[in-house]
Amino acid sequence: MPDDTPLFHPTADTQSSRDTTTRKTKRGAGGETHQQADGAPHLTTAQGAPVADNQNTLRAGPRGPALMEDFAMREKIFHFDHERIPERVVHARGYGAHGYFEVTDALADITSAHLFQKAGMRVPAFVRFSTVAGNKGSADMVRDVRGFAVKLYTEEGNWDIVGNNIPVFFIQDPIKFPDLIHSVKDEPDRGFPQAQSAHDNFWDFVSLMPESMHMVMWQMSDRTIPRSFRFMEGFGVHSFRFVNADGKSTFVKFHWKPRQGLQSVLWDEAVKINGADPDFHRRDLWNAINSGDYPEWDLAVQLFDDDFADRFDFDILDPTKIIPEEDVPLRVVGRLVLNRNVDNFFAETEQVAFCTQNIVPGVDFSNDPLLQGRNFSYLDTQLKRLGGPNFTHIPINAPRCPMHHFQQDGHMQMRGPKGRANYEPNSWAQGGPRADTTRGHHSFAEPIEGEKRKLRAESFADHYSQARQFYISQTDIEQAHIAEALVFELSKVETVAIRERVVAHLPNIDESLAKKVAEGLGLQSVPAPHVPAVTPRGDLPPSDALSIIRKGPDSFRGRTLGIVMTDGIEDALLDALIAATEDAGGKVVLIAPAVGGVTTIGGRHIVANEKIDGAPSVLFDAVAVLADDAGAAQLGEMHPARCFAADARAHAKFIALSAEAAALFNADSADGTAQGIHILTGPQDAVPFLEACGALRCWERPGG
Ligand code: HDD
């Protein structure tokens with residue numbers, strides 16, 4: 001082909017290699033070019049060299065071989081090839097946001113931590129929520145524990161509270177962590193199942209680890225299918241120490257309490273949400289923050305001393321145990337507000353490095369063995385993930401307070417300290433920083449003695465009593481969900497002996513639960529119970545604080561109403577429903593047979609947010625269907641519309657209907673507001689409907 005053959009350029013404003021001078025450039029004072037005339041910056045290489053053509057590789061002739069000399073192409077591909085860093089070995093899938101933490105109740109007598117010295121102190125915060133087992137690309141709504149990791153950028157360094165949405169853990173010793181995680185992740189020979197515990201390896205492991213039974217009760221409860229990150233609690237899990245200026249220590253447990261109230265979904269919804277919107281949780285957080293509906297949590301602490309620790313029925317160092325709120329009340333000392341989404345997911349959410357070892361003066365570790373093991377693991381894992389020891393130079397990990405030390409060099413060093421002194425002590429005039437015995441971190445001077453042996457304290461031996469306490473603290477509905485979850489998970493286990501070994505733990509927790517699960521699995525009888533190391537206690541009282549339903553919200557604030565509309569609907573009814581939802585602090589999503597929208601009886605065109613196929617009712621907290629006779633008939637012909645209705649009914653959602661839409665829901669005169677189904681006779685019925693929606697579910701409706 002002759003050299004002057006026109007070259008192919010896919011877009012109108014693509015520049016050919018022979019046509020790079022046609023766009024005007026602005027010159028800076030030093031003659032450098034920064035921007036094109038339309039304001040867009042010049043494309044450059046990572047070395048800053050302006051790029052003339054981003055569509056064509058340098059070639060020897062238009063149809064000839066590519067030339068290695070094309071440094072811009074090679075640099076671009078090289079960088080792309082290295083875009084990924086290892087995903088987290090656990091908690092790979094997560095989502096983060098910025099905000100702040102404000103102290104509302106000073107704790108100056110309890111801790112010397114700078115931020116707790118007076119009410120009103122505010123520090124920036126970054127929070128990352130996560131699932132544990134799934135890979136980075138797995139779905140949000142899997143049954144799994146949720147990570148709740150908080151980084152507080154205090155004036156005395158970064159303080160990380162790396163917790164979960166469950167206050168206990170599966171194991172008591174860190175040496176078991178790789179086994180636990182191997183067992184729950186995809187099985188190594190086949191590479192599946194992903195992001196779920198419903199398989200042989202996981203249940204095999206826990207069936208052989210009685211210490212995991214308390215956590216298993218929480219894991220099988222609705223806590224592991226939260227409606228949103230915004231509606232779940234967070235827990236520091238371990239006992240930590242606060243240390244005051246006199247060196248006096250107080251044990252502390254951390255609790256994050258969502259001001260939005262607790263809320264979870266049903267398992268059937270979770271399964272369907274994963275298909276309809278695998279990003280359900282991250283989208284929810286992103287949308288809430290973007291719309292100014294900032295989620296907030298109270299930080300509550302349980303404070304107790306050594307006397308209480310000695311009197312407590314269990315070991316306060318055992319991470320498989322809670323301290324009931326009835327025994328040590330919660331004291332609210334601060335609030336966390338998330339008010340800014342990330343600018344760049346990778347730079348912030350992916351690169352954020354939480355470390356349990358990150359504490360500040362006034363805070364100290366306890367001897368919880370799991371915590372001590374974690375203090376090794378987190379720093380170690382950041383080296384693998386982020387590639388070098390300088391990950392604190394990445395903006396999301398960098399402290400917001402001054403730092404001075406003699407650490408130097410290493411991969412990706414971003415800070416070049418000046419001067420000669422890179423060791424200490426030194427005798428140079430500009431000798432660099434010195435340790436400060438007043439402001440510096442002091443460990444609590446705990447007297448330690450004992451034999452150096454691999455062993456576990458007898459006080460860690462009771463594995464069932466608190467599991468039972470958790471179970472009996474649930475409402476009937478929640479207890480049924482636990483039993484159903486166990487039956488579901490164990491039905492996915494192929495090895496009968498493993499199923500039976502798990503069920504054999506349950507009589508030690510609750511006989512009726514064991515019976516229900518055995519029946520659900522079709523076992524002939526409840527297997528003989530495992531012999532517990534310590535006889536379980538039956539006298540621990542139920543605690544309302546352990547139930548989700550008892551801690552639900554009191555309004556529809558922060559929730560979403562999905563309204564299905566057809567042509568011919570009444571303007572006043574639609575307007576009243578939207579207004580009542582917004583007045584209640586909720587949001588509306590408009591759904592129609594076609595995303596283009598509908599025309600009301602009054603002739604208004606209303607654009608829809610979603611086509612009905614893409615907006616199943618599982619995505620909403622409550623639903624409404626407004627249709628005229630023709631519209632109701634149209635919906636009745638549409639499978640997604642029929643599923644929308646059937647699911648909303650089965651999932652105990654509050655439902656508002658125009659009279660014409662009632663048939664779609666098989667709603668008749670037997671239904672009524674007592675059953676959570678509101679036939680709207682006019683705009684005046686919108687507000688009472690939204691008030692009812694505050695309860696989120698109508699559990700009274702038979703069969704949902
Ligand atoms: Fe862990 C990540 C929470 C026990 C080792 N863990 C990780 C994250 C959370 C937790 C929320 C994700 C942080 C983020 O968003 O980046 N882990 C917990 C809780 C535990 C716990 C609440 C028990 C109370 N973890 C635990 C043990 C070990 C680890 C016993 C090891 C001995 N965890 C890790 C890790 C991870 C991690 C391998 C993976 C990615 C990371 O740290 O940054 O170091």
Side-chain angles (χ1 to χ4, degrees), residues 85-98 125-136 140 144-152 158 160-185 209 211-212 214-215 218-219 223-224 226 229 232-240 253-256 281-282 285 316-322 338 342 345-358 365-366 368-387 391-392 394 396-397:
I85 60 173
E87 66 173 34
R88 290 165 174 83
V89 61
V90 278
H91 295 265
R93 183 167 179 83
Y95 207 66
H98 297 269
F126 186 79
V127 178
R128 182 174 178 272
F129 304 104
S130 49
T131 51
V132 179
N135 295 341
K136 192 166 169 268
D140 278 351
D144 200 353
V145 178
R146 297 301 184 289
F148 194 125
V150 182
K151 190 181 281 293
L152 302 177
N158 290 352
D160 294 353
I161 305 177
V162 195
N164 280 339
N165 74 332
I166 290 180
V168 288
F169 202 63
F170 289 101
I171 48 169
Q172 296 172 325
D173 193 297
I175 202 168
K176 299 311 300 167
F177 190 68
D179 299 299
L180 166 72
I181 298 306
H182 287 175
S183 81
V184 74
K185 286 223 169 207
M209 295 288 290
E211 71 201 55
S212 59
H214 185 195
M215 179 74 165
W218 286 80
Q219 183 204 7
R223 297 263 172 173
T224 47
F229 299 135
M232 61 186 205
E233 295 179 324
F235 302 91
V237 180
H238 313 280
S239 297
F240 288 83
K253 288 232 180 207
F254 299 109
H255 300 245
W256 299 104
H281 281 157
R282 53 180 61 189
L285 187 63
I316 60 114
L317 301 181
D318 177 353
T320 69
K321 304 297 183 298
I322 58 161
L338 295 183
V342 294
F345 177 84
F346 179 85
E348 294 152 75
T349 308
E350 194 58 13
Q351 292 200 117
V352 66
F354 293 94
C355 296
T356 54
Q357 64 160 26
N358 290 353
F365 310 113
S366 71
D368 178 336
L370 202 71
L371 175 59
Q372 307 254 326
R374 293 178 73 193
N375 287 342
F376 163 71
S377 180
Y378 288 71
L379 183 62
D380 182 52
T381 207
Q382 307 314 343
L383 194 65
K384 171 78 177 173
R385 286 204 319 112
L386 299 168
F391 62 85
T392 51
I394 300 171
I396 192 71
N397 295 321

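Order of appearance sets the numbers: ligands from 1, and atoms from 1 within every ligand.
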of all protein heavy atoms, closest to atom 18 (C) of ligand 1 is Arg374 NH2, 3.0 Å
In the protein, what heavy atom is nearest to atom 31 (C) of ligand 1, and what distance, to one decimal place, separates them?
-> Phe177 CD2, 3.3 Å
Can you pull out the closest protein heavy atom to atom 16 (O) of ligand 1? Residue, atom name and distance to 0.1 Å, please.
-> Arg88 NE, 2.7 Å
Nearest neighbour in protein (non-hydrogen) for atom 7 (C) of ligand 1 | His91 CD2, 3.2 Å
Name the closest protein heavy atom to atom 22 (C) of ligand 1, giving the residue it belongs to and the distance to 0.1 Å.
-> Asn164 ND2, 3.1 Å
For atom 23 (C) of ligand 1, which candidate among Phe354, Tyr95, Phe169, Phe235 holds the nearest heavy atom?
-> Phe169
Should Ser130 be counted as touching ligand 1, given the test is an N or O pair under 3.5 Å?
-> no
Any side-chain heavy-atom pair from Asp160 and Thr356 closer than 4.5 angstrom?
-> no
Under-4.0 Å heavy-atom contact with ligand 1, by part of Thr381 that carries it | side chain
Short check: any N/O/S atom of Ser377 below 2.8 Å from atom 1 (Fe) of ligand 1?
-> no
Atom 11 (C) of ligand 1: closest protein heavy atom, distance to 0.1 Å, is Gly163 O, 3.2 Å
Which residue holds the protein heavy atom closest to atom 6 (N) of ligand 1, what is that atom called, and what is the gap in Å?
-> Tyr378 OH, 2.7 Å
Taking the six-membered ring for Trp, is the centroid-to-centroid distance between Phe148 and Phe129 below 6.0 Å?
-> yes
Give yes or no for whether the N/O distance cutoff of 3.5 Å, strictly under, is met between His238 and ligand 1.
-> no
Note: Lys176-Asp179 ion pair, threshold 4.0 Å (strictly below) = yes
Nearest protein heavy atom with distance in Å, relative to atom 15 (O) of ligand 1 = Arg128 NH1, 2.6 Å
With Phe169, the side-chain contact (heavy atoms from CB on, under 4.5 Å) member among Asn164, Thr320, Val145 = Asn164
